[in-house]
Every structure is written in C-alpha cells, then in structure tokens.
Amino acid sequence: MEKLAILGGNPVRETYLSYGKQTIDEDDILAVTRVLKSDFLTCGPKVSEVEDALGQIGGANYATVVSNGTAALHCACLAAGIGPGDEVIVPPITFAASSNCVLYCGATPVFADIDPNTWEISPEQIKRKLTSKTKAVIAVDYTGQACDYSAILQICKEHGLLLIEDAAHSIGTRYFGKPVGSFADMTAFSFHPVKTVTAGEGGAVLTNSSDLHQKLQLISKHGITHNKNLYSKEKDSQWYYEQIGLGYNYRITDLQCALLLSQLKKLGRFAARRQAITQQYKDALSSLPELTLQQETPGSDTVRHLFVVRLNTQMLKTGRKEIFDALRAENIGVHVHYIPVYYFPYYRTLGYEPGLCPNAEALYQEILTLPLYYAMTDADVSDVVSALHKVIGFYRKD
Ligand SMILES: *Cc1c(COP(=O)(O)O)cnc(C)c1O
C-alpha cells in the first residue's frame with residue numbers, strides 16, 4: 001500500500017485541488033468591460049435584463065436582484081412580514097445566513113432536524129416545531145437538491161405559512177419538472193463565486209406574487225419608490241420620489257449584473273458538467289462501504305453545488321478529522337459543510353443548546369465535502385477518488 005502523504009509519502013497530486021472555483025471566460029470579461037465604458041455603472045439597464053433572465057430560468061413572474069444572497073434572504077423575510085415575536089423554521093445544516101436573516105428581523109429561528117437519508121429539512125420535524133407563532137419556513141436546498149416540497153408546501157398551506165426557499169445551492173435544479181424559483185412563495189439565490197453561477201457577489205429573490213415583488217423592490221432600495229401610483233403627494237413634480245417604508249441599500253451594480261447575464265448563458269453547460277462529475281463520483285464511490293452518499297429527494301433533478309460524503313466511522317480506525325487531514329495532505333481540498341448553525345458561540349448566547357437536532361449533529365460528525373466545480377477535469381475527479389481509496393484503505397478496520 002502506498003504511504004500516505006501525511007505520513008511522509010508522495011501526495012496523490014502535486015497541486016492543491018480546491019473544493020470550488022468560478023469559471024470566467026473572455027465573454028464574461030468583455031461583458032463587464034462594456035459596462036465600464038457605458039453610462040451606467042449601477043441602476044442601469046443590466047439590472048432589469050438580468051431580472052428578466054432569472055425570472056425565465058426560475059419560472060417565476062418576478063425577480064429582484066440584490067447585492068448578495070444574504071441580502072436576498074433578509075429582503076425575503078422582511079417582505080414576508082417577519083418581525084419580533086414571530087418564529088421561522090430553519091434547518092441546522094446550512095450556512096449561517098439562512099437563519100441570521102430571521103434574527104435581522106427580530107424574530108426567532110426555530111431549528112427543525114434533517115431527514116437522516118436525504119439530509120434535507122424533514123417535513124415531519126417541521127410539523128413538530130410548529131407553534132401559534134410560526135410565520136414561515138425557510139427550506140434550504142442543501143447541496144443543490146430540492147427538499148421534500150410536496151410535503152412542505154402542504155404543511156405551509158394547512159398552517160398559513162410562507163415558504164422561503166434558500167436556493168443558494170440549487171439554481172438550475174428541477175423538482176418534478178418545475179424549476180427551482182417557481183413553486184415557493186419566494187426563492188433566494190446567491191451568486192458568490194463558489195456557487196454554480198457568479199456575479200462576484202450577488203443575490204436575487206424570485207416570486208410569482210406581484211405584491212411580494214413590489215415589497216422586495218422597495219425593501220432593497222431604501223423603501224423609496226418612483227412609482228407615481230404609490231405617491232401620497234406631489235404626483236406631478238418631475239423631481240419627486242417618495243420613501244414609503246424603511247428599506248436598505250441592497251443594490252447590485254451593472255458590472256455585476258453584466259457578469260451574471262454572461263454566466264447565466266452558460267448555466268446549461270455548467271449544470272451538465274456538475275451532473276456528470278456527480279455521476280462519476282457516485283459510480284466510483286458506491287463500492288466503498290465506508291462511505292454513505294446523500295439520498296436523492298424523490299422528484300429532484302439536481303444540479304449539485306456540493307458533493308458531500310458521509311464516513312461510516314464505525315468501520316474506520318480513526319475519525320473524520322484524521323481522514324480530513326490525510327486528504328488535505330494528498331492535496332485534495334476537502335471541506336465540511338456545515339457546522340450546525342446553533343453550535344456557534346453567538347447562537348449559544350441566544351440560548352440554543354446542542355441536542356436540538358440529533359440527526360443533524362450526527363451527520364456533522366461524519367461529513368466531508370469533495371471538490372466539485374465546472375472546470376474540474378476527469379483527471380481531477382480520479383485524483384479525488386484515488387485519494388479516498390488510499391486514505392480509507394489505510395484507516396480501514398481489519
Ligand atoms: C452562500 C449561501 C448563502 C449566502 O449567500 P451570500 O451571497 O454569500 O450572501 C445563503 N445560504 C446558503 C445555503 C449559502 O450557501
């Protein structure tokens with residue numbers, strides 16, 4: 001057996017393979033450069049162009065683009081009317097922004113446990129966390145696959161809750177044929193460089209409701225409107241505008257929108273390559289009994305953002321930390337997505353305690369994220385697979 005790099009052997013590859021990376025081509029650069037030479041760096045024509053494109057892709061009537069995915073979630077919570085005294089159900093295995101947005105509104109995130117097989121928020125667990133204060137559910141399409149929305153939409157309907165979909169991972173995914181963006185009350189995207197398409201920084205909220213759309217537009221632009229029909233005074237002065245609520249400056253620049261438009265043209269290609277790499281991983285890793293793969297949600301045609309494996313640590317002589325360190329030494333940029341949000345010291349000061357969501361906590365102990373991005377070559381994929389065989393082979397119990 002080959003000596004592990006962490007024990008002084010040669011690494012599986014010479015160069016470090018990161019877990020995610022954007023792909024920027026000449027068309028992207030040209031698109032941004034054109035905006036730099038134009039009249040509008042912000043509040044220009046690229047904003048509504050990209051909103052139209054996102055509405056098309058997500059199958060939604062309206063899209064509002066904002067400065068990042070976290071701002072998108074914050075705007076969605078405000079548009080939903082979430083405020084002090086309200087509870088919002090969220091999953092624990094996610095990026096902190098999915099529940100921080102609830103705190104921004106002065107409301108309380110209530111963590112509902114995940115399904116032990118799909119690793120997505122569990123409809124049964126959502127039901128257990130409902131109270132008279134529950135106002136909304138934020139479901140996260142963890143790794144890019146859809147949650148069990150047939151059941152979740154049913155719960156929301158029965159209890160009069162709004163569904164906000166945190167689709168930071170899942171642009172391009174379809175659920176029973178419907179694009180992500182078309183079925184939740186509001187769907188939030190992120191265009192951070194590690195996500196499937198990027199604007200540098202950027203986010204969007206999609207909705208089919210004209211009422212929510214109008215609120216999202218206001219909230220993301222200081223609460224200010226240029227729509228005369230909404231004015232209470234001076235309806236005929238040309239200089240006039242009104243602030244009719246409290247909003248934020250969550251605008252995105254035309255530079256970023258131009259980059260995003262150019263990236264969206266490649267979404268089909270990006271998605272197909274991600275799906276192909278996912279399939280290669282599944283084929284190559286299903287023979288390793290020390291690994292469990294994420295079970296697909298029925299109906300999800302997934303464009304995967306993260307490829308996460310679970311170590312069956314009872315079959316190994318060591319724990320996740322040693323396996324992680326050994327893979328890093330082999331130059332494989334593994335990661336862990338995610339630490340349960342309520343483990344963080346800040347959440348502990350709010351009174352959250354370990355033990356809230358046992359399935360999520362058990363999952364967190366055993367997961368590793370493997371590299372996955374559009375520009376990965378087949379050779380990169382085989383390096384990851386070889387490194388996993390090498391490291392797991394070494395630590396396998398006899
Ligand atoms: C990336 C991400 C966000 C936040 O997006 P930003 O654009 O980085 O603000 C929110 N939720 C999830 C699940 C994410 O992965």
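Each ligand, and each atom within it, is numbered from 1 in the order the structure gives.
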Atom pairs and distances, side-chain donor-acceptor, residues 368-375, under 3.5 Å, sequence neighbours left out:
{"unit_1": "Thr369", "atom_1": "OG1", "unit_2": "His337", "atom_2": "N", "d": "3.4"}
{"unit_1": "Thr369", "atom_1": "OG1", "unit_2": "His337", "atom_2": "ND1", "d": "2.8"}
{"unit_1": "Tyr374", "atom_1": "OH", "unit_2": "Arg269", "atom_2": "NH1", "d": "2.8"}

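Counting only residues at least two apart or on different chains, the side chain to side chain donor-acceptor pair (under 3.5 Å) pairs with a member in residues 87-103 are Glu87-Thr131, Thr94-Ser98, Ser98-Asp166, Ser99-Tyr347, Asn100-Tyr347.
Classification of Lys127 and Asp113 as a salt-bridged pair fails, no side-chain N sitting under 4.0 Å from a carboxylate O. Contact check on Lys265 versus Asp27 returns no salt bridge, with no Lys/Arg side-chain nitrogen under 4.0 Å from an Asp/Glu carboxylate oxygen. A salt bridge links Arg396 with Glu290: the closest approach of a Lys/Arg side-chain nitrogen to an acidic carboxylate oxygen falls below 4.0 angstrom.
Judged as a ring pair (Phe, Tyr, Trp, His ring centres under 6.0 Å), and not counting sequence neighbours, Phe40 has no contacts.
Near ligand 1, heavy-atom contacts under 4.0 Å come from Asn68, Gly69, Thr70, Leu73, Thr94, Phe95, Ala97, Ser98, Val140, Asp166, Ala168, His169, Ser190, Lys195, Gly202, Tyr338.
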